[in-house]
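Just so we're clear, the structure is a prediction, and the values are computed from it rather than from any experiment.
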Number of protein chains: 2
Amino acid sequence: MTRATARSVAEAAGVSRTAVSFAFNDPAKISADTRRRILAEAERLGYSPHPVARALNRGTTDALGLLLPQPIPEVLENPYYNLFLQGVGQVCQREGLTLLLTPPLRGSMLTAIPYAAVDGFIVSGLEVDRGEVAALQRRHVPFVLVDSDAPEGVPSVEVTDRQGMADVVQHVLELGHRRIALLSFEAGPDRATGYRGPLARRLAGADEALRRVGLSLSAPGIDLVEVPCTRGAGYDAVAALLARADRPTAIVTFSDILALGALDAARDAGIDVPGELSVTGYDDQPDASYARPQLTTVRQSIEAKGRVAADFLVSAITGDAHHPHQVLHTTLIVRGSTGPAPDDRIPAG
Amino acid sequence: MTRATARSVAEAAGVSRTAVSFAFNDPAKISADTRRRILAEAERLGYSPHPVARALNRGTTDALGLLLPQPIPEVLENPYYNLFLQGVGQVCQREGLTLLLTPPLRGSMLTAIPYAAVDGFIVSGLEVDRGEVAALQRRHVPFVLVDSDAPEGVPSVEVTDRQGMADVVQHVLELGHRRIALLSFEAGPDRATGYRGPLARRLAGADEALRRVGLSLSAPGIDLVEVPCTRGAGYDAVAALLARADRPTAIVTFSDILALGALDAARDAGIDVPGELSVTGYDDQPDASYARPQLTTVRQSIEAKGRVAADFLVSAITGDAHHPHQVLHTTLIVRGSTGPAPDDRIPAG
DNA sequence: CTGAAAGCGCTTACAG
DNA sequence: CTGAAAGCGCTTACAG
């Protein structure tokens, strides 16, 4: 017992394979009666055109690919991707497309590319380009870069990360804080090559704001700590920071998840937020406003990012030759988790 | 400028197309030298075998399909799927597979099936079978049913939902609660046809526990409220319940997300949990233990569910003819959000 | 070690 | 309105 093909349906219905194809793809070309007969046989035999054969023929798979920097389980641990996928999913819905999650193959994004049967890729979290962009270009596979350092002539979506981080650091500085810990998520496996992409931009933004008051990332009192992007890792790091004699009066995180962990740690250490400690997040995920105190954070619309990226990809696939490049803005959202510095307060001016 | 094919590489390297194929798939069949030359040309031209053509030929796509009951954005709004995808993703990682998210096409899961180029499907949240199972079977597409009422002879993964809900309801009853609101997520679009799948099993479990103390789902004091599965919807529903004169002393939810919303509502209404109100969740998602008070809940390993489903699918694809059926167990996790009923306490015995 | 040929299952001009 | 034929891009026995 094997799968029905156009041929078996044609034989059963007493028509040619062409007629079977027309019944599914171009009904006007056969009589209504013939079509009915064919469709009935197809139904009976459980036939539908083989999707792969169809894709080969029409040159389209009706699938968008999402090229991931890490295995699926690791990527999804960060709620960021949940939101991003929702944005991409909106476009899939509108266009009747499916979405192929494409994790690295044998550890390499590059290797994964040629195996994915998709009409194009959204490339996410490409921190260091080790040939991915060139490979995609030479293969003439449409793609969009998200949150990378996109070269000229490549559709891309970015966020004003530098500005966003400068804003929140400035906010904290204006509140008088001078012992500040920056809690960043780790750069990917390519950290050795230096900071790239959004992480680099955020660090630059922090540095910029610090310099406006005569400080910098390497000034005394300013710490930079890198941890995996999980609530537990945020907790641990902040618990350690808070145990120090000269503990920071403000924790500026690079992700709401980390900030939530910071809030947990402060609560368990009996340290009042924002009275004794200010905490800021980044992203403004839904949990940020469910937290108590509610998180001061930098809003970026992750969902919009996914949506725009998918839109760009769809138009690249459709043959739109121009290479859109959109920069989404960020907004500082001041809520209850930040307040005046408890002691290091400096006189205005 | 078009995409390189095996033919163009063959011409450039001065060999046959067969040799090009061998260079990629069966190196032993050509000389090392020839292979090097071919690979160099391929690299230069940006050639790699067309994934769709390859899939047609080999009869495998190296992709697992996840057949979704709703559009991607709606599905992902529930963190449940995030965990489920992580479990599936583990298997993808191990097997070197990609994962195709397949939302309904034109509103129908059934329509989506024939368009997806995958080696098999994980069918999730199929509440009412309107032909999906038969379609998959007649097409000889391997598949696994998750959280459905699986017919005989179909690989499936389920959870002891009846037991799980019976346990938590019994826990609340033992604490003396008699005015209890059950907060359920809505049945899908097929609600008109009655409860199915896990929802039906959970309701049966609740009823079972209630009957052991002479109550039932329709007894006075027992309310059943259905809402969308979001924190906000949980909040709204519980806020309304708490505003009533004869407000419940316990809220038994069908999802941690709803329970989190219940906690929010209680806090905003100034009602102490667990002093004045007990709240229970379901799933034991990570947030359940981050909440304050920590949530009493029913643990099910959603991740394990995804992993087992993917494992079953992989073996079905590999040709394993037997149809495994696994029932994952649940565990009642008692934490701080439940306590003795404040007034309706009844004497023991 | 290499190449001509058939075939994977379909679609679509093209000729009747 | 229908059918024989070529082609999508590849893989793989098979014969040299």
K.L.:
Are Arg54(A) and Asp62(A) close enough for a salt bridge, meaning some N to O gap below 4.0 Å?
P.N.:
no

K.L.:
Mind calculating the distance between CG (Asn25(B)) and C1' (dT12(D)) to the nearest angstrom?
P.N.:
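Going from CG in Asn25(B) over to C1' in dT12(D) covers 10 Å.
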
K.L.:
Where does DNA chain D pair, written as one dot-bracket string 5' to 3', with Watson-Crick or G-U pairs under 3.5 Å, ( ) inside the strand, [ ] for crossing pairs and | for another strand?
P.N.:
|||.||||||||.|||

K.L.:
Closest to the Tyr47(A) side chain: dT2(C), dT2(D), dC10(C)?
P.N.:
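From the listed options, dC10(C) comes nearest.
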
K.L.:
Please report the distance separating the C1' of dG16(C) from the corresponding atom of dT12(C), rounded so that it comes out in whole Å.
P.N.:
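So the two C1' atoms sit 16 Å from each other.
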
K.L.:
Can a donor-acceptor pair be found, under 3.5 Å and without considering hydrogens, that links the side chain of Asn25(B) to the backbone of Ser21(B)?
P.N.:
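At least one qualifying donor-acceptor pair exists.
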
K.L.:
Does Arg17(A) use its side chain to pair, donor to acceptor, with the backbone of Ala6(A) at less than 3.5 Å?
P.N.:
no

K.L.:
Mind calculating the distance between CZ (Arg58(A)) and P (dG9(D)) to the nearest angstrom?
P.N.:
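Going from CZ in Arg58(A) over to P in dG9(D) covers 16 Å.
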
K.L.:
Produce the list of close N/O pairs, under 3.5 Å, pairing protein atoms with atoms of nucleotides 3-5 of chain C; give distances to one decimal.
P.N.:
from: dG3(C); atom 1: OP2; to: Ser16(B); atom 2: N; distance (Å): 3.2
from: dG3(C); atom 1: OP2; to: Ser16(B); atom 2: OG; distance (Å): 3.3
from: dA4(C); atom 1: N6; to: Thr18(B); atom 2: OG1; distance (Å): 2.7

K.L.:
Side chain of Ala53(A) only, please: which of dC10(C), dT11(D), dC1(C) is the nearest?
P.N.:
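The closest nucleotide is dC10(C).
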
K.L.:
Does atom CZ of Arg7(A) have more than 12 heavy-atom neighbours, drawn from other residues, nucleotides or ligands, at distances under 6.0 Å?
P.N.:
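Counting other residues, nucleotides and ligands, CZ of Arg7(A) stays at 12 neighbours or fewer.
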
K.L.:
Without decimals, in angstroms, what is the distance between Asn57(B) CG and dG7(C) P?
P.N.:
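Whole-Å distance recorded here is 13 Å.
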
K.L.:
Let me know the distance between NE2 of His50(A) and P of dG9(C), rounded to the nearest Å.
P.N.:
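It works out to 7 Å between those atoms.
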
K.L.:
To the nearest angstrom, how far is Asp26(B) atom CG from dC10(D) atom P?
P.N.:
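To the nearest whole Å, that distance equals 17 Å.
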
K.L.:
Taking atom P of dT12(C) as reference, at what distance in whole Å does atom CG of Leu56(A) sit?
P.N.:
12 Å

K.L.:
Taking 4.0 Å as the cut-off, does a side-chain nitrogen or oxygen of Ser21(B) come that near to OP1 or OP2 on dT12(D)?
P.N.:
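Answer is no, no contact under 4.0 Å.
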
K.L.:
Does the Ser108(B) side chain pair with the main chain of Leu105(B), one donor and one acceptor, at a distance under 3.5 Å?
P.N.:
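Not confirmed, Ser108(B) side chain does not pair with Leu105(B) backbone.
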
K.L.:
After noting the C-alpha distance and the side-chain angles of Tyr47(A) and Phe24(A), does the key distance pass the ring pair (Phe, Tyr, Trp, His ring centres under 6.0 Å) rule?
P.N.:
CA-CA 11 Å; Tyr47(A) 169 81; Phe24(A) 282 88; 5.5 Å; yes

K.L.:
Please answer whether the main-chain N or O of Tyr81(A) pairs with a side-chain N or O of Asn78(A) as donor and acceptor at a distance below 3.5 Å.
P.N.:
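Not a single qualifying donor-acceptor pair exists.
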
K.L.:
Can you tell me the distance, in whole Å, between the CZ atom of Arg139(A) and the P atom of dC10(D)?
P.N.:
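The distance from CZ of Arg139(A) to P of dC10(D) comes to 12 Å, rounded to the nearest Å.
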
K.L.:
Could you tell me how far apart Phe24(A) (CZ) and dC10(C) (P) are, to the nearest whole angstrom?
P.N.:
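Whole-Å distance recorded here is 9 Å.
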
K.L.:
Could you measure between the two P atoms, the one in dA6(D) and the one in dT2(D), and give it in whole Å?
P.N.:
23 Å

K.L.:
Does the pair Asp147(A)/Lys305(A) count as a salt bridge with the N-to-O cut at 4.0 Å?
P.N.:
yes

K.L.:
Give a yes or no answer on whether the side chain of Ser8(A) reaches the backbone of Ala4(A) with a donor-acceptor pair at less than 3.5 Å.
P.N.:
no

K.L.:
Ala32(B) near the nucleic acid: base, sugar-phosphate alone, or nothing, with a heavy-atom cut-off under 4.0 Å?
P.N.:
nothing

